[in-house]
**Q** 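Questions regarding the structure given below will be posed in turn.
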Amino acid sequence: MTRVEARDLALSNARGRMAIGAALVLAPRLAGPMWIGRDADSRAVKVLARGLGARDVGIGLGTAVALDRGAPVRGWLEGGALADAVDLVSTLLAGNSIPPSKRRSVALVAGASMIACAALARVVDGPPVASVQAPEAALTGHH
């Protein structure tokens, strides 16, 4: 995969993430049940849906802006992969409290996005800059 192809795929992922996030923020009553079923109608769950949606809008927007400006994208993609991994694990841990068809669908989307983000993060940017001094960067191999 070339850097150009990786950047195109990263932008597609970012746009999909922003669309799903916006749906959760703007219409949690419609988008939430696609993930967790009837329990999404509760006011408390709508709060969480909006928060998760805003997270994905932010990650997607950060990725898109970084791509547009020629800035490093790897960290945004890694953040997206982490968010997707937590979505996947949380959905699976919920077990039968989420209808099986919804659990499978969300697991498939979250798992595919997690794998895509993790793979793209490795190739989308050039070699890392050695001047990064944040310990968090060292944990993800940015040094």
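This structure is a prediction, so every number in the text was calculated from the model and none was measured. All values below were derived from every heavy atom in this structure, side-chain atoms included, with hydrogens, water molecules and symmetry-related copies excluded.
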**Q** Heavy atoms, side chains only, cut-off 4.5 Å: are Leu24 and Pro28 in contact?
**A**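 Of all side-chain heavy-atom pairs linking Pro28 with Leu24, none is under 4.5 Å.
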**Q** Give a yes or no on whether a salt bridge exists between Arg17 and Asp56, defined as a side-chain N under 4.0 angstrom from a carboxylate O.
**A** yes
**Q** Does Asp41 pair with Lys46 as a salt bridge, N-O distance under 4.0 Å?
**A** no
**Q** Could you tell me whether the side chain of Leu77 reaches within less than 4.5 Å of the side chain of Arg74, counting heavy atoms only?
**A** no
**Q** May I ask you to test the Lys102-Ser105 pair for a side-chain heavy-atom distance under 4.5 Å?
**A**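 Heavy-atom side-chain distance check fails, nothing below 4.5 Å.
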**Q** Are a donor atom and an acceptor atom from the side chains of Ser113 and Asn13 found within less than 3.5 Å of each other?
**A**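 Indeed, the side chains of Ser113 and Asn13 share at least one donor-acceptor pair under 3.5 Å.
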**Q** In terms of hydrophobic clusters joined by side-chain contacts under 4.5 Å, are Val73 and Leu120 together?
**A**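 Linked within one cluster.
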**Q** Give me the atom names and distance for the closest heavy-atom approach of Ala6 to Val123.
**A** CB-CG2, 3.6 Å
**Q** If hydrophobic clusters are built by linking Ile, Leu, Val, Met, Phe, Trp and Tyr wherever their side-chain heavy atoms come under 4.5 Å apart, do Val106 and Leu30 end up in the same one?
**A**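 As far as the 4.5 Å side-chain criterion goes, Leu30 and Val106 are not connected within one cluster.
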**Q** Which pair of heavy atoms, one from Asp84 and one from Cys117, lies closest together, and at what distance?
**A**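 For Asp84 and Cys117, the tightest heavy-atom pair comes out as OD2-SG, 4.2 Å.
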**Q** Which pair of non-hydrogen atoms, one from Ala81 and one from Ala118, has the smallest distance, and what is that distance?
**A** CB-N, 4.0 Å
**Q** Do Asp125 side-chain atoms and Pro72 backbone N/O form a donor-acceptor pair below 3.5 Å?
**A** no
**Q** Search all heavy atoms of Leu92 against all heavy atoms of Ala107 and return the closest pair with its distance.
**A** CD2-CB, 4.1 Å
**Q** Does Arg50 reach the main-chain N or O of Val25 with its side chain, forming a donor-acceptor pair under 3.5 Å?
**A** yes
**Q** For the hydrophobic clusters of this structure (ILVMFWY residues joined by side-chain heavy atoms under 4.5 Å, transitively), does one cluster hold both Leu26 and Ile20?
**A** no
**Q** Nearest 0.5 Å please: distance from the CG atom of Asp8 over to the OG1 atom of Thr2.
**A**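 One finds 8.0 Å between CG of Asp8 and OG1 of Thr2.
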**Q** Does the side chain of Leu52 reach to within under 4.5 Å of the side chain of Trp35, using non-hydrogen atoms?
**A**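 Yes, side chains in contact.
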**Q** Would you give the length of the straight line joining atom CZ of Arg15 to atom OG1 of Thr63, rounded to the nearest 0.5 angstrom?
**A**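 That separation rounds to 12.0 Å.
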**Q** Which atom pair, heavy atoms only, marks the closest approach of Ala14 to Ala64?
**A** CB-N, 4.2 Å
**Q** Give me the atom names and distance for the closest heavy-atom approach of Trp76 to Ala66.
**A**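 So the minimum-distance heavy-atom pair works out to CD1-CB, 4.0 Å.
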**Q** Donor-acceptor check, side chain of Asp87 to backbone of Ala110, threshold 3.5 angstrom: yes or no?
**A**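 No: the side chain of Asp87 does not pair with the backbone of Ala110.
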**Q** Mind checking whether Leu67 and Leu9 sit in one hydrophobic cluster, side chains of I, L, V, M, F, W, Y counted as touching below 4.5 Å?
**A** yes
**Q** Please answer whether the main-chain N or O of Ile98 pairs with a side-chain N or O of Arg103 as donor and acceptor at a distance below 3.5 Å.
**A** yes
**Q** Among the clusters formed by ILVMFWY side chains lying less than 4.5 Å apart, do Val124 and Leu11 turn up in the same one?
**A**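 Yes, it is one cluster - the side chains of Val124 and Leu11 are joined through contacts under 4.5 Å.
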**Q** Measuring from Arg122:CZ to Glu78:CD, what's the distance to the nearest 0.5 Å?
**A**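 Going from the CZ atom of Arg122 to the CD atom of Glu78 covers 7.0 Å.
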